[in-house]
Amino acid sequence: MEMPAQYNPKEVEEKAYRKWAKEKLFAASVAENSDPFSIVIPPPNVTGILHMGHALNSTIQDVMIRFKGMKGCQSLWMPGTDHAGIATQNVVERNLAKDGLKKEDLGRDKFNEKLWEWTNSHGSTIISQLKRLGAACDWDRTRFTMDDAYSDAIKEVFVTLYEKGLIYKGNYIINWCPRCKTALSDEESPHRDIDGWLYYIKYPVSRPEADNQKAESYIVVATTRPETMLGDTAVAINPNDSRYDYLKGSDVILPIVNRKLRVIEDEAVDPEFGTGIVKVTPAHDPIDFAMGKKHNLEFINIMNADATLNDNATAMFAGMDRFRGRQALLDILYEKKLIEKKEPYKIAAGHCYRCNTIIEPWVSAQWFVKMKPLAQKAIKVVEDDEVKFYPPRWKKVYLNWMYDIHDWCISRQIWWGHRLPVYYCKQCLNQTGNQTIDHRQQIVDQNSKTKNNKESNVGIIVSRDTPDKCPSCGGSDLVQEEDVLDTWFSSWLWPFATFYWPFGKTIDHRPQTIDLETKREELSYFYPTNILVTASEILFFWVARMIMAGMEFMGEIPFRDVLIHGTVRDEYGVKMSKSLGNTIDPLEIIDKFGADALRFSLMFLAASGSDIYLSEEKFLIGRNFCNKIYNSARFLFLKIKENNLVVDNLNLDSLNEIDRWVLKELNQTIEEASKYLESYRINEATKRVYDFFWHTFCDWYLEIVKDDFTLPKAKVLIHTLISTLKMLHPIMPFITEEIFEAVGKNTKLTQESSIMVASWPRKTELNIDARKEEITKSLFNTIKEMRNIKTDLGLGTKKVKLKIKITSDTKDVWAKNESWIKRLTILDTIEICEDLNRVLYRNDFWELNFDIDDIDKSTFVASLDKKINHAKGFLSKVSKKLENKRFIENAPGDTVEKERLKFKQTSAQKSRLQELRDAFK
RNA sequence: GGGCGCAUAGCUCAGUUGGUUAGAGCGCUUGCUUGACAUGCAAGAGGUCAGAGGUUCAACUCCUCUUGUGCCCACCA
């Protein structure tokens, strides 16, 4: 087989992935004799295309899955996608807009068909991209949050929570996105500072006639959103603010609208801010909403769903967009000289996390989950470290959020998603007369009053099955709730709903092929899952809620460990995002350098939990390493063939000291890599194996045995290669598979059909003679020193004669190793002498000289001086310690012993160097 | 306003129970077309571990403060 000089990942990767799929190596199942290891993938959006964040996130999971698989676990990576309500709807709406259509033109059913069409044709894009990355997901289990069966779980959960009184409907002020025209949860409305103005507006005051003369004829309120004044129904002052005592009996008049405003007192008002008087707009501001409830104020809604002003905002402004209305209103206020001043002001405004539109706080009828009761257990399991965070600091972040958790608004006014399993009986509703099912209508109806938070449940049917008649009146005129659920209301069930929980109660839409008992067993085997790998952005959205759902419905944590990795940034430290255009496309990197190169570079750079800065050149680390692995293997096979070697299992009897040395280094690498992987410190494991393979195995061992390519050596080489490949496999699955197969073809070793199912390497039992080991290490050091000296003397690549005086029982060491020592040091001959006329290097075992006439003494002496100074500095530091009585008294014995040894060795070394130097004077 | 991080070589970062006169990758300097690999090999320069205190026999590592910097949460209009 001809192997080109450079590694070409393209065909290798495709071929390997096909093989794994064909041999069903991704599949995991219940096995009594194996430990389970499971991860559920954070389901990517069906609209998603693979970005660097996915690549990082997925590689980490894949590393753990493959590692645990090799360790003998039933290693399950559960894949799937998320229907991503708003995001997907937006995409399909945009497509529709190209034909000049709106979703309303199609109607709900037709539009839903379009959504499914889109999902079916595009939804697997991300899946195939994950496959290119090498993801070892059990693809036969792939789930989608809109599967019929998955929807069963959602209904079950909704109904159960409703029956427990943990889900309620009510009129509240919520985050409204006027572009998506839906309510959002607090988490979906992140605050961002925007530059704005704080306007000081004069409100006239009408006083009883006989009032004292001190009072002003107007008051001043400050606001960043002047247009909301059209919905003002009060002004508020702090009860302890005596400046405005006079207002208590007065009427404040809302300009333009000329509405009388009540003056209320509330502790929420900060006397220090602005003028100390607050305009109160109960229907358009969360604090004002609370005040409105407390003081029984009128709620006047001045906006439509698209944030245009409505008739309540007076005919003058009706129909205007909120920002245009703001300007128009300001113009009039200026004209009437009612603006006292304006100041530049940073406003922390909520933004829609899907389209970045500024959120409008809006009162509407929505569905909520009571979170406090659900949070209790989820707090405890984290406090008690039953669920552990890596890095641990996220525990605090999680707990802080959980301690102060707010109710979760779960209804969305979009069409793509799970419709709430809520049905309204029209007849019953008509009788109570206070309910309608159209939110937009309901909101307009709110002009007058929102009386109570909780509306009566008359006429509301919450049911797992579609009811045919109203249980209370028997009427059959039922309509289902129009709203759909927040997408996260499906995601939070992911760790168990993916196993087809709830195993069919009154509802059961499992596919025929799915066996209930198997699934039940699988859930109990694989749940709780072992780790959840995610970015910090969805800690609250998803992680926290999964823990709550797990505790509530499984009675058990959903995962033991939560791995929070960093954010992917560009080389300047700016977060990669499509809108900024600073992304690096992982698929382009795969095309250019290979998936292994991508994965390796990511794992090499990603220290646990810290952000990772990327530029295209960072992927050269991985590419170069792939090339190194490939070439070293290519060389081994070439040599094996050239020498007609039949390589089989390692034979410990025929090992020499150097073989033992490399195997010992290998042992240590295995130990450390395993330890690091077990503790999720993947980058440490990656670095360790990289360093061993390149700088120990290739740079030293392989170079040493190059010209002595005998069978015992070949066995050590192949053994070490295989062990390293195995350790690298979780990180770089493709190239390791390729070479593992090639090992099979080029040797007589019996091995597994794929490295994926090969067992994790174990340490070799080596009987190591300490003295021989020391001599071997001295030999390596001597070689480094000789190269060093040659460079100092300007003899870099010149072949020189080495004269050596053996000062102890090590003659055979030089004789046996002569050939490679000469090659690696670039020596002409090695001559063993009784006496040297000059010594360039000396250690406990030998001293040596190069047979050359004149040397540049000054550079050599300078180099010696440098070493001597180094030793001196070190010695003074160590002796300071040893002279310190308290050190001797307090430090543990072996620490003191170590220092003594250091001192002894270094002083010996120093005097040797000193002698050498003196000889050159 | 509250909370959480970060500050180590020119750049990007490791350094996990305190005991190395501090490591890697890239970049830089010097020398190598050595038949596995120039996507390589050899040698090297470069750091008072942000600053100031403290704890300790011992601090890059623990504590406090300062400075700079980043992120998250929050109803000061």
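Chain A is the first sequence line, chain B the second, and so forth, proteins listed ahead of strands; every chain is numbered from 1.
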Short side-chain N/O contact to [N] OP1/OP2 from [X], under 4.0 Å:
{"X": "Trp694(A)", "N": "G40(B)", "value": "no"}
{"X": "Arg787(A)", "N": "A43(B)", "value": "yes"}
{"X": "Gln6(A)", "N": "G40(B)", "value": "no"}
{"X": "Asn788(A)", "N": "G44(B)", "value": "yes"}

Can you check the distance between [N] and [M], where both ends of the measurement are the [atom1] atom (answer in whole Å)?
{"N": "C49(B)", "M": "U21(B)", "atom1": "C1'", "value": "13 Å"}
{"N": "G35(B)", "M": "G27(B)", "atom1": "C1'", "value": "31 Å"}
{"N": "C11(B)", "M": "U55(B)", "atom1": "P", "value": "34 Å"}
{"N": "C41(B)", "M": "U34(B)", "atom1": "P", "value": "14 Å"}
{"N": "G51(B)", "M": "C60(B)", "atom1": "C1'", "value": "15 Å"}
{"N": "A58(B)", "M": "U20(B)", "atom1": "C1'", "value": "14 Å"}
{"N": "A22(B)", "M": "A59(B)", "atom1": "C1'", "value": "13 Å"}
{"N": "A9(B)", "M": "U30(B)", "atom1": "P", "value": "24 Å"}

Length of the [atom1]-[atom2] vector between [X] and [N], whole Å:
{"X": "Leu636(A)", "N": "G35(B)", "atom1": "CG", "atom2": "C1'", "value": "15 Å"}
{"X": "Lys799(A)", "N": "A42(B)", "atom1": "NZ", "atom2": "C1'", "value": "16 Å"}
{"X": "Lys866(A)", "N": "A43(B)", "atom1": "NZ", "atom2": "P", "value": "14 Å"}
{"X": "Leu620(A)", "N": "A38(B)", "atom1": "CG", "atom2": "C1'", "value": "14 Å"}
{"X": "Ile347(A)", "N": "A77(B)", "atom1": "CD1", "atom2": "P", "value": "8 Å"}
{"X": "Asp699(A)", "N": "A42(B)", "atom1": "CG", "atom2": "C1'", "value": "10 Å"}
{"X": "Leu602(A)", "N": "U12(B)", "atom1": "CG", "atom2": "C1'", "value": "14 Å"}
{"X": "Ile682(A)", "N": "A14(B)", "atom1": "CD1", "atom2": "P", "value": "15 Å"}

Proximity of Tyr390(A) and Tyr680(A) rings by center, below 6.0 Å: yes

Of Cys698(A) and Asn884(A), the one whose closest RNA chain B nucleotide lies more 5': Cys698(A)

First of Ile612(A) and Asp288(A) reached from the 5' end of RNA chain B, by closest nucleotide: Ile612(A)

Neighbour count above 12 (heavy atom, 6.0 Å) for Lys675(A) NZ: yes

Other residues, nucleotides, ligands: >12 heavy atoms within 6.0 Å of Lys342(A) NZ: yes

Residue pair Ser819(A) / Asp707(A), side-chain donor-acceptor N/O under 3.5 Å: no

Between Asp186(A) and His406(A), a side-chain donor and acceptor under 3.5 Å: no

Any donor-acceptor N/O pair under 3.5 Å between C37(B) base and Lys628(A) side chain: yes

Taking the side chain as every heavy atom from C-beta outward, state whether [X] and [Y] have any pair of such atoms under 4.5 Å apart.
{"X": "Thr669(A)", "Y": "Phe693(A)", "value": "no"}
{"X": "Leu827(A)", "Y": "Val800(A)", "value": "yes"}
{"X": "Leu725(A)", "Y": "Ile629(A)", "value": "yes"}

Any residue meeting side chain to side chain donor-acceptor pair (under 3.5 Å) with Glu340(A), in chain and number order, not counting sequence neighbours: none

Enumerate, atom names and distances included, each donor-acceptor pair closer than 3.5 Å involving a side-chain atom of residues 882-897 of chain A, sequence neighbours excluded.
residue, atom, partner, partner atom, Å
Asn884(A), OD1, Arg886(A), N, 2.9
Asn890(A), ND2, Arg886(A), O, 3.0

Pairing pattern in dot-bracket form [Watson-Crick, G-U; both distances under 3.5 Å; | = partner strand] for RNA chain B: (((((((..((((.....[...)))).(((((.......))))).....(((((..]....))))))))))))....

Distances under 3.5 Å between protein N/O atoms and the N/O atoms of nucleotides 74-76 of chain B, please, pair by pair.
residue, atom, partner, partner atom, Å
C76(B), O2, Asp270(A), OD2, 2.5
C76(B), N3, Asp270(A), OD2, 3.3

Residue Phe540(A), side-chain atoms from C-beta onward, closest of U39(B), A36(B), C72(B): C72(B)

Arg886(A) side chain, from C-beta outward: closest of A77(B), A14(B), C57(B): C57(B)

Below 3.5 Å, can you tabulate the donor-acceptor pairs from side chains in residues 395-404 of chain A to any protein atom, sequence neighbours excluded?
residue, atom, partner, partner atom, Å
Lys395(A), NZ, Glu383(A), O, 3.4
Lys395(A), NZ, Asp385(A), OD1, 3.0
Tyr398(A), OH, Ala378(A), O, 2.9
Asn400(A), ND2, Lys396(A), O, 3.4
Tyr403(A), OH, Glu383(A), OE2, 2.5

Sugar-phosphate, base or nothing in reach of Arg225(A), heavy atoms under 4.0 Å: nothing

Touch class at under 4.0 angstrom, heavy-atom based, for Leu702(A) against every strand present: base

Of Asp232(A), Asp285(A), Thr233(A), the residue whose pairing with Lys279(A) passes side chain to side chain donor-acceptor pair (under 3.5 Å): Asp232(A)

Quiz item: cation-pi between Arg787(A) and Trp700(A), 6.0 Å / 45°: yes

Verdict with reasoning, Tyr200(A) to Glu343(A), per side chain to side chain donor-acceptor pair (under 3.5 Å): CA-CA 8 Å; Tyr200(A) 289 77; Glu343(A) 291 168 352; 3.1 Å; yes

Nucleotide-resolved protein contact map, nucleotides 19-33 of chain B, B/S/- at heavy-atom distance under 4.0 Å: B-B--SSS-------

